[in-house]
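I have placed the structure first, in the form of structure tokens, so that the comments after it can refer back to it.
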2 protein chains.
Amino acid sequence: MRAGLTRDQVVAAAQRTMTERGVAGLSLRAVAAELGVAPNAIYSHVADKDALVDAVLDDVLAAVPEPTARDPRRALKSIMIDTYDVLLARAGLVGTYLARQGSRGPEAQRLGRAMDDCLLRLGVTGSRAAGGRRALIVFTIGYAAFATGWTAEGEQPLSPERVRRDFLAGLDWLITGITAGSSV
Amino acid sequence: MRAGLTRDQVVAAAQRTMTERGVAGLSLRAVAAELGVAPNAIYSHVADKDALVDAVLDDVLAAVPEPTARDPRRALKSIMIDTYDVLLARAGLVGTYLARQGSRGPEAQRLGRAMDDCLLRLGVTGSRAAGGRRALIVFTIGYAAFATGWTAEGEQPLSPERVRRDFLAGLDWLITGITAGSSV
DNA sequence: ACCTGAACACCGTTCAAGT
DNA sequence: ACCTGAACACCGTTCAAGT
């Protein structure tokens with residue numbers, strides 16, 4: 001019997017259950033059940049559970065648009081801000097991005113290239129560009145995690161707008177630091 | 001039969017297996033086996049697996065010393081740098097800190113109070129202090145994650161010394177930004 | 001209060017077999 | 001190439017029972 005399953009369908013179903021129930025709630029058997037298929041049918045489209053989770057995470061990043069601003073500093077900021085917003089829309093997944101230290105799939109590489117292009121036009125190259133990109137990604141994903149409900153004991157929860165403003169401020173500090181002393 | 005088990009012993013055994021085999025490798029049954037005890041004996045000292053993981057993470061932070069510098073800016077930096085180093089020494093755990101967005105146990109609260117004290121002496125109070133503390137923690141844990149082997153595709157791995165220098169630079173950018181415009 | 005034995009309801013993954 | 005049925009070796013957790 002052939003169910004006509006696609007890898008995309010598997011990833012999409014996994015993303016749905018992951019967004020709803022978190023990573024802990026994701027099981028291959030649950031995904032298979034949602035697709036009306038035997039548990040091990042998943043293995044025809046994906047190597048193992050880890051690969052499926054990676055595919056889901058990278059797929060989410062496809063929603064981050066290419067920057068349109070001509071000014072490289074604004075373009076760089078828009079990449080980070082759009083990533084922040086996309087991650088917030090999938091709050092249940094943010095922790096997993098952090099645990100897996102981001103994604104290294106094709107979508108993540110696409111965004112990495114866009115960031116490098118902005119940094120290059122800002123006069124930042126070589127190891128400084130690599131370090132700067134790292135800092136920006138860490139900061140963006142980390143802040144998205146904060147925004148999804150991380151409040152310390154006895155501390156009143158901040159509004160999403162407030163956290164977003166703090167994120168924007170920190171982003172400016174970082175970009176300023178990264179580009180300080182560069183030629184352009 | 002009484003095995004004379006202590007909660008501390010359970011947490012210590014869990015920390016050992018977690019450090020060696022990562023979070024995925026941690027199972028209550030493995031911890032119990034290492035202690036020579038029945039699997040469900042763990043439940044006499046810990047509510048469930050999540051509570052055990054939280055206890056392990058918080059326990060690691062006990063190794064971060066109280067800052068000794070009198071200058072609050074230097075004291076703040078030393079807290080973050082010591083945290084970074086402690087996390088690096090337990091590389092297998094860093095991802096879990098990120099996924100759980102840090103720790104909220106007594107040790108984490110101790111460090112949070114020390115950070116607030118430094119920020120207060122730097123003239124940073126209220127929501128700016130809360131936002132600044134958040135940014136510093138996110139950045140520190142995130143960078144520790146980077147240092148434990150996060151290198152992008154086709155990018156040559158950086159030396160630990162190099163990553164640490166980048167971390168220190170980013171830390172300075174953040175602290176400068178947080179304290180900019182404050183009264184002291 | 002602390003621990004065991006036994007069981008329940010799950011997992012991810014493999015393997016042979018079918019089409 | 002894609003999918004199923006059945007099985008293997010695990011899980012976390014609960015419950016009654018023992019001391």
Side-chain angles (χ1 to χ4, degrees), chain A residues 1-59 92-93 95-97 99-101 103-105, chain B residues 1-59 92-93 95-97 99-101 103-105:
Chain A
M1 283 255 282
R2 204 145 301 194
L5 214 55
T6 309
R7 193 190 130 98
D8 287 346
Q9 286 176 29
V10 173
V11 174
Q15 184 177 145
R16 254 175 285 142
T17 69
M18 241 177 126
T19 306
E20 287 167 16
R21 316 205 287 229
V23 217
L26 177 74
S27 77
L28 297 186
R29 293 177 118 102
V31 173
E34 187 170 329
L35 293 166
V37 107
N40 48 355
I42 308 292
Y43 288 88
S44 295
H45 300 95
V46 129
D48 56 13
K49 189 183 179 179
D50 261 21
L52 178 58
V53 172
D54 283 340
V56 168
L57 294 185
D58 197 64
D59 196 50
L93 300 186
T96 314
Y97 274 100
R100 305 218 167 204
Q101 302 163 338
S103 159
R104 253 168 285 185
Chain B
M1 285 254 283
R2 204 145 300 192
L5 215 55
T6 309
R7 193 190 130 100
D8 286 347
Q9 287 176 29
V10 172
V11 174
Q15 186 178 143
R16 255 175 284 143
T17 69
M18 241 177 126
T19 305
E20 287 167 17
R21 316 205 288 230
V23 215
L26 177 74
S27 76
L28 296 186
R29 294 177 118 102
V31 174
E34 189 171 329
L35 293 166
V37 109
N40 48 357
I42 308 292
Y43 288 88
S44 295
H45 300 94
V46 131
D48 56 12
K49 188 182 180 179
D50 262 21
L52 179 58
V53 172
D54 283 341
V56 168
L57 294 184
D58 196 64
D59 195 50
L93 300 185
T96 314
Y97 273 100
R100 304 218 168 204
Q101 302 164 338
S103 159
R104 252 168 285 184

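Letters go in sequence order (proteins before strands), and every chain restarts at 1.
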- Tell me which nucleotide among C:dT4, D:dC3, C:dG12 gets nearest to the side chain of A:S44. D:dC3

- Message: Show the nearest heavy-atom pair for residues B:Y43 and B:D48, with the distance to one decimal.
- Response: CE2-CA, 4.1 Å

- If you check the B:R29 side chain, which of D:dC3, D:dG12, C:dG12 turns out closest? D:dG12

- Message: Could you measure the distance from the CG atom of B:D59 to the CG atom of B:D54? Nearest 0.5 Å is fine.
- Response: 12.0 Å

- Rounded interatomic separation in angstrom, taking CG from B:L28 and C1' from D:dC10: 13 Å

- Query: A:Q9 CD to D:dC2 C1': how many Å, rounded?
  - Reply: 13 Å

- Note on the structure: All stems that DNA chain C takes part in, i.e. 3 or more consecutive Watson-Crick or G-U pairs with distances under 3.5 Å, are C:4-8 with D:12-16, C:12-16 with D:4-8

- Message: Among C:dT13, D:dC3, C:dC3, which nucleotide has an atom closest to any side-chain atom of A:Y43?
- Response: C:dT13

- Task: Starting at atom NZ of B:K49, determine the distance to atom P of C:dC11, rounded to an integer number of angstrom.
- Result: 14 Å

- For the atom pair CD (B:Q15) and CG (B:L26), what is the distance rounded to the nearest 0.5 Å? 11.0 Å

- Message: Distance check needed: D:dG12 C1' versus B:D48 CG, whole Å only.
- Response: 9 Å

- Considering non-hydrogen atoms only, spot the tightest contact between B:V23 and B:G92 and give its length. CG2-O, 4.3 Å

- Message: Working to the nearest 0.5 angstrom, can you tell me the gap between B:T17 OG1 and B:E34 CD?
- Response: 6.5 Å

- Query: Just how far, in rounded Å, is P of D:dT13 from CD1 of B:I42?
  - Reply: 11 Å

- D:dA1 OP1/OP2 closer than 4.0 Å to side-chain N/O of A:H45: no

- Message: What is the separation between atom CG on B:D50 and atom P on D:dG12, rounded to the nearest whole Å?
- Response: 11 Å

- Paired with B:V11, the side-chain contact (heavy atoms from CB on, under 4.5 Å) test is passed by just one of B:D58, B:V53, B:V56, B:V31, namely B:V56

- Expected output: side-chain A:H45 to main-chain A:L5 donor-acceptor under 3.5 Å: yes

- Task: Tell me which nucleotide among C:dC11, D:dG12, D:dT4 gets nearest to the side chain of A:A41.
- Result: D:dT4

- Note on the structure: Here the distance between atom P of D:dC11 and atom CG of B:L26, to the nearest Å, is 10 Å

